[in-house]
Amino acid sequence: MVTAVDAPSVTPQQVWTWLAAVPDPEIPVVSVVDLGIVRAVQVDAGSGECVVTITPTYSGCPAMQVIAEDIEQALHARGLQQVRIATRLAPAWTTDWMSAAGKAALTGYGIAPPVQQVIDISALSKGVKRHAIQAPQVDCPHCGSSHTRLTSQFGSTPCKALYQCLDCREPFDYFKCH
């Protein structure tokens with residue numbers, strides 16, 4: 001049986017630490033904190049309510065309901081009784097929010113992490129000549145070779161592209177920058 005904790009004594013930093021153990025349901029080796037999905041944590045000293053703000057990796061992400069439920073369950077398991085999940089769509093999630101530990105975990109799991117910063121596209125609306133988007137140079141998460149090629153812009157989920165290593169011949173997902 002979980003006993004309720006004194007919510008006013010719980011700090012946001014403590015909640016962040018607990019949330020760092022909540023895995024992403026699609027990529028369980030990475031936490032929702034390391035992916036940058038958790039954007040803010042507030043604990044109201046008066047009411048004891050804990051508000052966790054999350055941003056989906058893209059607006060149609062089918063895993064967000066599961067992520068919200070997993071966060072609530074993790075905090076209830078720690079004794080927090082009043083948990084509210086707030087979803088924020090703006091600013092849009094970006095792979096720049098991923099932690100270094102999250103990117104390393106992706107590599108260890110066989111998914112190449114993003115290799116670029118998100119590109120500022122504001123110049124597109126100012127009449128700047130458009131150039132074809134070049135596929136980034138992505139190292140193989142299996143053998144480390146940089147001799148890889150994009151085979152499809154669409155991988156196992158919409159946020160990934162499919163690559164193949166031309167040395168070890170293994171296909172792998174690449175977590176697209178966005």
Side-chain angles (χ1 to χ4, degrees), residues 7 10-78 80-106 109 111-128 130 133-136 138 150 152-162 173-178:
V10 172
T11 66
Q13 186 55 44
Q14 195 171 23
V15 174
W16 276 100
T17 300
W18 295 337
L19 295 178
V22 176
D24 177 74
E26 294 177 340
I27 311 169
V29 298
V30 181
S31 77
V32 294
V33 169
D34 283 329
L35 274 179
I37 292 170
V38 177
R39 298 306 305 147
V41 172
Q42 295 174 314
V43 180
D44 185 284
S47 69
E49 180 183 48
C50 178
V51 179
V52 178
T53 303
I54 58 177
T55 297
T57 55
Y58 70 99
S59 62
C61 179
M64 288 312 293
Q65 182 63 37
V66 173
I67 290 170
E69 291 169 1
D70 289 350
I71 288 171
E72 286 182 22
Q73 289 174 1
L75 297 180
H76 287 312
R78 293 290 187 160
L80 289 176
Q81 299 302 306
Q82 297 181 58
V83 176
R84 182 168 53 92
I85 307 299
T87 301
R88 183 184 312 155
L89 300 178
W93 180 87
T94 168
T95 51
D96 292 346
W97 294 351
M98 293 175 71
S99 71
K103 291 176 182 180
L106 286 175
Y109 194 62
I111 298 173
V115 296
Q116 301 168 299
Q117 292 289 118
V118 173
I119 299 169
D120 178 11
I121 60 170
S122 60
L124 293 178
S125 63
K126 297 176 185 172
V128 174
R130 295 181 182 185
I133 296 172
Q134 296 292 322
V138 178
L150 174 69
S152 174
Q153 282 289 354
F154 306 99
S156 61
T157 61
C159 56
K160 295 183 213 129
L162 186 60
D173 275 337
Y174 165 63
F175 208 110
K176 296 186 276 192
C177 296
H178 59 287

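Excluded from the calculations below are hydrogen atoms, water molecules and symmetry mates; all remaining heavy atoms, backbone and side chain alike, are included.
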Practice prompt. Please list, chain by chain and in numerical order, all residues satisfying salt bridge (Lys or Arg N to Asp or Glu O under 4.0 Å) with Arg39, sequence neighbours excluded.
Written response: none
Item to complete: Measure the shortest side-chain to side-chain distance between Leu75 and Leu19 over non-hydrogen atoms and say whether it is less than 4.5 angstrom.
Response: yes
Worksheet item: Can you check whether Ile37 reaches Thr57 side chain to side chain, under 4.5 Å on heavy atoms?
Response: yes
Fill in: Tyr174 side chain to Val115 backbone, donor-acceptor under 3.5 Å
yes
Discussion item. Less than 4.5 Å apart, side chain to side chain, heavy atoms only: is that true for Pro114 and Phe175?
Written reply: yes
Discussion item. Run the side-chain hydrogen bond (donor to acceptor under 3.5 Å, both in side chains) test against Asp24 and tell me which residues pass, sequence neighbours left out.
Written reply: none
Discussion item. List the residues meeting side-chain hydrogen bond (donor to acceptor under 3.5 Å, both in side chains) with Arg84, not counting sequence neighbours, and say none if there are none.
Written reply: Glu49
Worksheet item: Ignoring hydrogens and geometry, is there a side-chain-to-backbone donor-acceptor pair from Gln82 to Ser47 under 3.5 Å?
Response: yes
Fill in: Polar side-chain atom of Lys176 near backbone of Gly155 as donor-acceptor pair, under 3.5 Å
no
Worksheet item: Considering residues at least two apart in sequence or located in another chain, which fulfil the side-chain hydrogen bond (donor to acceptor under 3.5 Å, both in side chains) criterion with Gln42?
Response: none
Discussion item. Minimum heavy-atom separation for Cys61 and Pro56, please, with both atom names.
Written reply: CB-CB, 4.2 Å
Worksheet item: Among all residues two or more places apart in sequence or in another chain, which pass the side-chain hydrogen bond (donor to acceptor under 3.5 Å, both in side chains) test with Thr53?
Response: none
Worksheet item: Taking all non-hydrogen atoms of both residues, which atom of Val22 and which atom of Ala74 are closest, and how far apart?
Response: CG2-CB, 3.6 Å
Discussion item. A side-chain contact here means heavy atoms from C-beta on lying under 4.5 Å apart; do Val38 and Ile71 qualify?
Written reply: yes
Worksheet item: Rounded to the nearest 0.5 Å, what separation is found between the OG1 atom of Thr55 and the CE atom of Met64?
Response: 7.5 Å
Worksheet entry | Pair listing, salt bridge (charged side-chain N to carboxylate O under 4.0 Å, His left out) test, anchored in residues 55-66, at least two apart | none
Fill in: Shortest non-hydrogen contact between Asp34 and Ser99, atoms and distance
OD1-OG, 2.7 Å
Discussion item. One pair to check against side-chain contact (heavy atoms from CB on, under 4.5 Å): Val30 and Tyr109. What are the steps and the verdict?
Written reply: CA-CA 9 Å; Val30 181; Tyr109 194 62; over 6 Å; no
Worksheet item: When you measure from the side chain of Trp93 to the backbone N and O of Leu35, does any donor-acceptor pair fall under 3.5 Å?
Response: yes
Worksheet item: Of the non-hydrogen atoms in Pro25 and Ile67, which two are nearest, and what is the gap between them?
Response: CD-CG1, 3.4 Å
Discussion item. Is there a side-chain contact between Val41 and Trp18 in this structure, where contact means two heavy atoms from C-beta onward sitting under 4.5 Å apart?
Written reply: no
Worksheet item: Do Val29 and Ile111 have side chains that get closer than 4.5 Å, going by heavy atoms?
Response: no
